[in-house]
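Below: the structure, in structure tokens.
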Amino acid sequence: MNDPFTANSPLNAPSGTPRDSGHASLFATALSQFERGADLVDLPDDLRSILSQPKNEIIVNFPVKMDDGRYRVFRGYRIQHSNLLGPYKGGVRFHPMVDLDEVKALASWMTWKSALCEVPFGGAKGGISFDPTALTTGELERVVRRFTHALGSNIGPDHDIPAPDLGSNAQSMVWMMDTYANSTGAAERQNVKRIVTGKTLETGGSPGREKATGQGVVFCLQHWADEVGFDLAGATVSIQGFGNVGSATGRILQVHGAKVVAVADHAGAITDEDGIDAFELTDWVREHGSVAGFPGAMWIDPDDYWAVPADVLVPAALENQVTMDNVAQIQAKVVVEAANGPTTPDAERALAQRGTEILPDILVNAGGVVVSYFEWLQNRSAQRWDLDDVDHKLRDTLWRACDAVVDIREELEVASRRDAAYAVALRRLRVVYEQRGIFP
Ligand code: NAD
């Protein structure tokens, strides 16, 4: 007979081992990027050691009653990489491939993003290894609430602030907030809304947060286009992943006159050289769960997706998607990393060798954390900003970060925009370490 606490358990693999994806560990990739940036700014050895590991690694195993009455044990993670610049901050990912290695990489990227954009937060990331689409709404709610409870005081509105990421959404954040609020005293209950960001508008979310990451992707792309003299209006775009980030990016680019000519997601890929309507596709995916069957485009074999000609390629799904297996087929002038870690290091070298630009994840997808900061500020002061205000502040913040990357490329004579973005972030962290010192 099955042990009710391990039946259907996803806990077959030991934690902390890199997933068997055929690629090197994601944290190893993150570390190699960090080392390149650290070399550029001569980061002292002691700071390299400190920043090359997370401060805290929290793993929780918790049981949840499923609809059939049995219990399933889930494994959740919260990795707190750095709180030098402010409270730990980062999303919570729900996906079967979530593991310690992945969450460590994602947490470190949050530290660099906040530093690069001068957001007073540190870096963290969390996740649960399971497939949220395979659960009923009731089961999902119990998983989210039980995870929040298991994290306990490891998160807090001025300590560590989760947000949505792949597989989670505004509803997940509302459940997290409500669980946390109900675990605090009555006097604190209204004061803890900012325990999470990315909530629904009605429960304290910010205007513009849902589209913020996609909006930020477009702001960064516009900045690059102005710099190099690329015309976005009329440009063709290919998007991998049409969830929160990919769909918002597609809709906003379409409004700016670009044409989405190919889209891929977990279910397959579609193309139309005359343009796929990103608004209609968004509605379709919301209703049907994927791009499959969308009547306004042609269905293609997912293996052929990368070869569809497009000026701009936006990976907005998972890590390790642009690889040596498909890099030769990619014809884009620029790869815009809306997802975290979508390009493997060897594919990055291949793209650089042939002059394809890469706009790096820690810059390009930072719109989410920037507007999360705005949401946190609004909750703290019981205010509601309007959408224009949020968008303008987001644009100014990201363009300042883009300017800093352009300037440091020139100053340090560095070609890679990723290396330059790391250099900006690490230089800022070094200054703060130098002024604060290392306790005790
Ligand atoms: P989401 O869950 O809303 O959407 C994910 C999309 O990826 C879906 O369209 C899904 O079908 C697709 N996908 C999943 N597996 C795939 C596969 N094997 N091949 C092709 N497509 C696949 O997630 P999201 O919030 O849009 O996040 C997407 C990426 O952006 C992630 O890397 C995430 O870390 C990053 N990101 C998200 C935010 C945010 O605010 N949500 C902020 C910064 C970075």
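Counting starts at 1 for both ligands and their atoms, following the listed order. Computed from heavy atoms alone, side chains included, the values below leave out hydrogens, waters and symmetry copies. Residue indices begin at 1 and follow the sequence shown.
In this structure, H95 does not count as a contact residue of ligand 1, since none of its heavy atoms falls inside 4.0 Å of the ligand. Close to ligand 1: A338, with a non-hydrogen atom less than 4.0 angstrom away. At a 4.0 Å cut-off, at least one heavy atom of R209 sits close enough to ligand 1 to count as contact.
In the model, T236 has a side-chain atom that pairs as donor or acceptor with a side-chain atom of D311 under 3.5 Å. A side-chain donor-acceptor contact under 3.5 Å links T200 and T203. A donor atom on one side chain and an acceptor atom on the other are not found under 3.5 Å apart for Q33 and W112. Using modelled atom types and a 3.5 Å distance limit, the side chains of Q378 and S206 yield a donor-acceptor pair. A donor-acceptor pair shorter than 3.5 Å cannot be found between the side chains of R286 and T282. Checked by atom type, the side-chain pair D403/H223 shows a donor-acceptor distance below 3.5 Å. With no hydrogens or angles considered, no side-chain donor-acceptor pair links R209 and T197 at under 3.5 Å. With no hydrogens or angles considered, no side-chain donor-acceptor pair links N169 and N244 at under 3.5 Å.
With atom 12 (C) of ligand 1 as the reference point, the heavy atom nearest to it among A212, A269, G241 is part of G241. In this structure, of A317, A163, G214, the residue bringing a heavy atom nearest to atom 7 (O) of ligand 1 is A317. The nearest non-hydrogen atom to atom 2 (O) of ligand 1, considering only A292, G167, P315, G367, comes from G167. Here the shortest heavy-atom distance to atom 37 (C) of ligand 1, taken over V291, L318, V245, V369, belongs to V245.
In terms of polar-atom proximity, defined here as any N/O pair under 3.5 Å, L106 makes no such contact with ligand 1. Geometrically, ligand 1 and Q321 share no nitrogen or oxygen pair separated by less than 3.5 Å. The shortest N or O to N or O distance between N365 and ligand 1 is not below 3.5 Å. Where the criterion is an N or O separation shorter than 3.5 Å, residue side chain and backbone included, K113 fails it with respect to ligand 1. Not a single N or O atom of G246, backbone or side chain, sits closer than 3.5 Å to an N or O atom of ligand 1.
By the criterion of a heavy-atom distance under 4.0 Å, the side chain of R93, and not its backbone, is placed next to ligand 1. The parts of N340 lying near ligand 1 are both backbone and side chain, judged by heavy-atom distances below 4.0 Å. Residue contacts with ligand 1 for A267 are absent, since no atom lies close enough (heavy atoms, distance under 4.0 Å).
Protein heavy atom in closest approach to atom 28 (C) of ligand 1: A316 O, 3.4 Å. Nearest protein neighbour of atom 11 (O) of ligand 1, counting heavy atoms only, is H266 ND1, 2.6 Å. Looking only at protein heavy atoms, the nearest one to atom 3 (O) of ligand 1 is N244 N, 2.9 Å. Annotation: atom 23 (O) of ligand 1 to nearest protein heavy atom, L166 CA, 3.4 Å. Scanning the protein for heavy atoms near atom 9 (O) of ligand 1, the closest one is F242 N, 2.8 Å. In terms of protein heavy atoms, atom 4 (O) of ligand 1 is closest to G243 CA, 3.3 Å. Of all protein heavy atoms, the one lying nearest to atom 33 (C) of ligand 1 is D165 OD1, 3.2 Å.
Remark: ligand 1 atoms within the under-4.0 Å shell around heavy atoms of T213 are 38 (C), 39 (C), 40 (O), 42 (C), 43 (C). Residue contact check: Q240 has heavy atoms under 4.0 Å from atoms 19 (N), 20 (C) of ligand 1.
Ion pairing of K89 with D160 is absent here, as no side-chain N (NZ or NE/NH1/NH2) approaches a carboxylate O to less than 4.0 Å. Remark: E57 does not engage R78 in a salt bridge, criterion side-chain N to carboxylate O under 4.0 Å.
By the 30° and 60° cut-offs, the orientation of the rings of H159 relative to Y88 is perpendicular.
Taking the six-membered ring for Trp, F94 and F130 have ring centres closer than 6.0 Å.
Residues that satisfy the side-chain contact (heavy atoms from CB on, under 4.5 Å) test with L318, not counting sequence neighbours, are H95, L166, Q321.
The backbone N or O of G122 sits nowhere less than 3.5 Å from a side-chain atom of T111 that would complete a donor-acceptor pair.
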